[in-house]
Structure formats: C-alpha cells, structure tokens
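Have a look at the structure below, then the notes.
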Protein chains: 2
Amino acid sequence: MFINLSTDPNIKPRLVGELGDLSHAQVSSGEFKYGRGTEIFGEAEPADYIYQVIEGAVRTYKLLSDGRRQIGAFHLPGDIFGLDNGDFHRFTAEAIVDTTVRLVKRQSLERVAKSDPGLILSLLTMTTANLRHVENHILLLGCTTARERVAAFLLEMNGRLTSAGVIALPMGRRDIADYLGLTLETVSRMFGALERKGHLKFLDDSRQRQIVILNAAGLTELDAPRKHRRLKRKHTPSVG
Amino acid sequence: MFINLSTDPNIKPRLVGELGDLSHAQVSSGEFKYGRGTEIFGEAEPADYIYQVIEGAVRTYKLLSDGRRQIGAFHLPGDIFGLDNGDFHRFTAEAIVDTTVRLVKRQSLERVAKSDPGLILSLLTMTTANLRHVENHILLLGCTTARERVAAFLLEMNGRLTSAGVIALPMGRRDIADYLGLTLETVSRMFGALERKGHLKFLDDSRQRQIVILNAAGLTELDAPRKHRRLKRKHTPSVG
DNA sequence: CGAAATCTTGATAACGTTCAATATTCGTGG
DNA sequence: CCACGAATATTGAACGTTATCAAGATTTCG
C-alpha cells in the first residue's frame with residue numbers, strides 16, 4: 001500500500017520525530033506483527049525494509065560461529081531499526097515479546113531520496129544517532145566493571161521506558177547479559193547488590209522485571225578497583 | 001585558503017576515494033602537522049573541521065572521569081576522522097607519531113551540502129562505514145577472550161598497514177590495550193603466546209612493533225573456554 | 001648522556017565465569 | 001482450566017582468565 005505520510009494523521013506524528021523530512025515523502029509502508037521470540041530479519045539477509053517498533057520490543061544482535069551472542073541494541077516503541085544503508089542487514093533482529101512493527105520498503109525510500117536531499121539528511125541524522133549509541137556502548141564494554149554496566153543499563157532504560165517511575169523490562173537476564181558482555185548470573189548478582197545498597201527496588205513482580213530506581217546518583221558512582229590511571233595530557237598542536 | 005578539489009591534482013586523488021562527490025565541491029582546506037602525542041581536538045570541543053590523515057597515525061578515544069580510556073579507532077593515512085555530524089566532537093584525537101593531516105572546514109562542507117545531495121550521501125556513506133567498524137568492535141569487546149582480541153587486532157592491522165608483508169605498528173602496547181579493553185601486560189603476553197604458537201614472528205625491531213603474520217588462519221581460531229553456548233536457531237548466520 | 005618511556009616476565013589476587021542446585025513462573029497442550 | 005514441562009531467576013562454591021603489583025632490560029628522545 002502507498003501512504004502519503006504527510007496527510008495520514010495516524011502515522012505522521014509517530015514518524016516525524018525520527019524521520020524528519022520524510023514527512024512529505026511518498027513511500028510504501030505497512031504493519032506487521034511478530035510473535036515473542038521470532039526472527040524479524042537475519043544477519044546478512046537482504047535489507048529490503050527498514051522497521052519501526054509500534055508496540056513491543058526488539059533485540060538486534062550478532063553471533064559468533066560458536067554461539068556467543070552480542071546484542072547491539074534494544075528497540076522500543078518509536079525506535080527505528082534495520083537501517084543499514086546497504087544491501088544487507090548487519091544484525092539479526094528478533095521480537096523479544098509480541099511486537100508490532102511498521103515497515104517501509106527501502107527501495108521506495110531510496111527512490112525518493114534521489115531527489116530529496118532532506119530525506120538523505122534524515123537518514124544521516126538517524127545513522128549518526130545510532131553511531132553515538134554504539135560509541136557509548138564501546139566505552140561501557142571496554143572500560144567498566146559488572147556493577148557499572150548493570151547500573152548504566154538501568155539508567156538507559158530508565159530514560160527510555162519508564163512509566164510512573166517504574167521500569168518494566170521486556171527482556172530477561174540473558175538478554176541483558178548479552179547486551180552488557182556479562183553472564184546472566186553476574187547480572188542477577190549485580191541487581192541483587194544494587195538492591196541491597198538501596199539504589200533500587202523490585203516491585204513484587206513475579207520475575208523481578210519491574211524496577212524502581214531509588215538513587216540514580218548512586219548508580220552513576222564509579223567502581224573501578226584502580227584499573228588504569230592515565231592523567232597527564234599534552235596540549236601543543238604545532239603548526240606546519 | 002580555498003582549493004577547488006576537482007582541479008587540484010595533488011589533492012583530488014587522495015580525497016576522491018573517501019569523499020566521493022566532494023570532488024567537484026569548493027571547500028576550504030589546508031594541511032597541518034601535529035607532533036607525536038599532541039592533541040588534535042578534544043572531546044566536546046566544537047567540531048569546526050573534519051580531518052584526513054596524510055601521513056602518520058591518530059588515535060581517537062573517550063575518557064571516563066577517573067582516567068579509564070577507551071580508544072575507538074586508529075586512523076592511518078587516507079582515513080578521515082572527526083566526522084561527527086554535529087556541533088561537537090564525541091572523541092578526543094591525538095597524534096600517535098608525528099602526523100600530517102588535511103583539514104576541511106565543516107562550515108564550508110555544510111554550505112556545499114545544502115545544494116549537493118551527492119555530498120550528503122558521501123557523508124552518509126562514511127558515517128555508515130564508521131558505524132560498521134564500531135559495531136564489529138562491540139562484538140569484539142563484548143564476547144571475546146584476550147587472545148582473540150589481540151589476534152583480531154593483528155588481522156585488522158594486517159589489512160590496513162602492511163607493507164611487504166610486514167606490519168609496522170605505530171602505536172604502543174598501552175594504546176593497543178586501551179583499544180581492546182585489556183591491560184598492556186595482557187597484550188604483551190598474548191603477543192608472546194601467538195609468537196610461541198608460530199602464528200607470527202617479530203622482526204628484530206627494538207620495540208617489537210614490526211610483525212609478520214605467519215599463519216592468519218591460526219589467528220582466526222576461536223578460543224572461548226565455553227562462555228555461553230547458545231545453539232538453537234532457525235537459520236544460522238554467523239561471523240567467525 | 002641520562003631520565004623517561006617501553007616492553008617483557010613473574011607472582012599474586014580479584015573479578016567474573018562456570019557449574020550446580022533450587023524455587024518460581026510461564027505457557028502450552030491435554 | 002489445570003497440569004506439567006520448559007523457561008526464568010536466584011544463590012552458592014570453585015575455578016580460571018585477566019588484572020594488579022613488581023622488577024628488570026632495553027630503547028627512545030630531549
């Protein structure tokens with residue numbers, strides 16, 4: 001089906017925030033539902049669509065050949081994923097829970113983009129936003145302790161899916177672990193430690209997925225034993 | 001100074017490969033030299049220029065407040081860095097050795113970009129290339145052992161700065177460690193282990209920075225003790 | 001030339017993983 | 001709708017990989 005995004009009131013508000021100048025573009029678009037745990041697209045598959053979460057949650061990840069998994073991002077309502085700017089997906093995407101997505105044919109986007117600098121600029125803006133997230137994640141994975149990672153994860157989620165002060169996590173400990181480069185046991189232990197310190201509490205939710213942050217400042221405290229201590233800096237750009 | 005890149009034979013060949021459609025753009029450009037160890041720009045500073053390495057090597061990194069450092073990338077001759085698509089740099093950049101860079105005023109790029117969709121597309125292409133690199137780095141930092149990281153580093157460098165089969169590393173063990181999320185001692189030990197296994201050898205270079213890969217296949221061997229073993233999957237894409 | 005930086009190697013320790021057991025809940029099929 | 005197997009989460013104990021601390025050898029470069 002073809003939808004003019006600028007005239008469909010149900011779609012425009014959702015997409016405008018992310019797609020910006022796409023608002024006057026004529027692109028082919030549709031909705032789809034994926035059951036909990038099902039694959040939306042696979043790594044290295046042709047990237048025919050880009051996706052936006054309407055409802056639910058999605059994980060995108062890479063696998064090593066021996067089964068080790070690294071989740072690159074969680075995608076929540078409003079988020080766009082599968083935007084690879086190339087012919088093939090670089091991640092696998094799976095629905096974490098029953099999920100509804102909007103999909104847009106990449107071909108139609110590119111057709112429009114040829115004559116619409118604003119759309120390319122929007123793609124650049126979204127890609128840059130991805131890049132920023134991934135860059136911060138590298139800092140997390142390369143430098144931080146288990147406690148710091150779990151705390152950072154909570155703060156990230158706190159900013160993204162809090163409703164009435166409660167974080168309702170759609171994903172399990174295993175997913176969190178694979179996002180943070182830890183094991184699920186370590187994630188569980190760090191949650192426990194943060195709870196004992198009074199930085200958070202669990203609501204009497206059966207699976208401990210409903211969390212309230214009690215002390216956000218406590219979560220930002222650094223924790224490194226003394227791993228590295230580089231301090232000096234030089235400042236003298238010399239002119240050629 | 002203003003240079004029309006499409007008519008300056010000394011500049012065009014270098015930039016065309018990376019900047020694509022910029023070749024017919026009129027942008028302000030110049031060259032600069034930075035001494036070994038000096039800062040080119042700092043994190044959160046205004047991003048007034050984008051840079052291309054002419055000669056030398058550059059590291060870009062983020063710091064935590066207690067001094068922990070994560071190097072995001074090494075930039076070698078031909079590479080463009082500082083392309084943040086925003087008003088501020090997200091990394092600090094330092095010359096690893098005496099380095100010559102070309103710099104291009106961002107303002108002039110943006111002026112041209114307004115009327116040149118091809119240039120924006122080039123920016124998108126370069127940003128996507130950055131993204132791909134960082135995504136792969138996340139997989140490395142989140143999932144792999146020390147030996148695998150050092151091996152992956154060598155293979156990356158092997159594809160980028162090999163001359164006559166010899167990798168001549170411009171950076172020290174500390175930089176490599178901060179790139180791989182390890183300590184310099186561990187990097188040193190892994191080099192030693194790989195040498196003992198016959199996968200590489202050092203040239204009698206005083207600082208062990210000249211390396212020859214003897215067995216690239218040996219370097220790609222996986223090494224995980226048995227950290228995670230997720231196996232079931234419908235179809236199985238994998239990066240080995 | 002000499003102080004600082006770099007790299008290696010060894011000994012010890014710690015953080016996080018691995019292995020294991022339990023309790024609870026989910027969700028699918030009878 | 002209940003029951004039962006599978007999935008999820010927590011916790012404990014032991015282990016292992018990598019960090020930390022330390023010393024020494026060599027080289028760089030100011």
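Chain letters run A, B, ... following the sequence lines, proteins first and then strands; every chain starts at 1.
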| Nearest listed nucleotide, side chain of A:Ala146, among C:dG16, C:dC26, D:dT11 | C:dG16
| Which part of the nucleic acid, if any, lies within reach of A:Arg209 when heavy atoms closer than 4.0 Å are counted: base, sugar-phosphate only, or nothing? | sugar-phosphate
| task | Can you tell me the distance, in whole Å, between the CD1 atom of A:Ile96 and the C1' atom of D:dT8? | result | 15 Å
| Considering only C:dC7, D:dA9, D:dT10, which nucleotide approaches the side chain of A:Phe202 most closely? | D:dT10
| request: Please determine, for the side chain of B:Arg173, which listed nucleotide (D:dA7, D:dT10, C:dT8) has the closest atom? | output: C:dT8
| said: Whether the B:Glu156 and B:His137 side chains hold a donor-acceptor pair (N or O, under 3.5 Å, no angle test) is what I'd like checked. | reply: no
| Is the shortest side-chain N/O distance from B:Thr186 to OP1 or OP2 of D:dT18 below 4.0 Å? | no
| said: Does D:dT17 have OP1 or OP2 under 4.0 Å away from a side-chain N or O of B:Thr145? | reply: no
| query | Between B:Asp223 and B:Arg147, is there a side-chain N and carboxylate O pair less than 4.0 Å apart? | reply | yes
| query | Would a line drawn from the ring center of B:Phe41 to the ring center of B:Tyr51 be shorter than 6.0 Å? | reply | yes
| When you look at OH of B:Tyr49, are more than 12 heavy atoms from neighbouring residues, nucleotides or ligands closer to it than 6.0 Å? | no
| query | With a distance cut-off below 6.0 Å to the six-membered ring centre and an angular limit of 45° from the axis, does B:Arg69 pair with B:Tyr61 as a cation-pi contact? | reply | yes
| said: Taking 4.0 Å as the cut-off, does a side-chain nitrogen or oxygen of B:Ser206 come that near to OP1 or OP2 on D:dT27? | reply: no
| message | Rounding to an integer number of Å, can you tell me how far B:Asp98 CG sits from D:dT28 P? | response | 15 Å
| Can you check whether A:Gln208 has a side-chain N or O nearer than 4.0 Å to OP1 or OP2 of D:dT10? | yes
| A:Arg174 CZ to C:dT25 P: how many Å, rounded? | 21 Å
| said: Is A:Thr183 close enough to C:dG16 that one of its side-chain N or O atoms is under 4.0 Å from OP1 or OP2 there? | reply: no
| remark: Here the distance between atom P of D:dT11 and atom CD of A:Glu195, to the nearest Å, is 8 Å
| Per B:Ser188 side chain, nearest of listed nucleotides C:dT17, C:dC7, D:dT18 | C:dC7
| task | Take the protein atom CZ of A:Arg189 and the nucleotide atom P of D:dT10, then report the distance between them rounded to whole Å. | result | 11 Å
| note | note: A:Arg36, atom CZ; D:dA7, atom C1'; distance rounded to Å ~ 8 Å
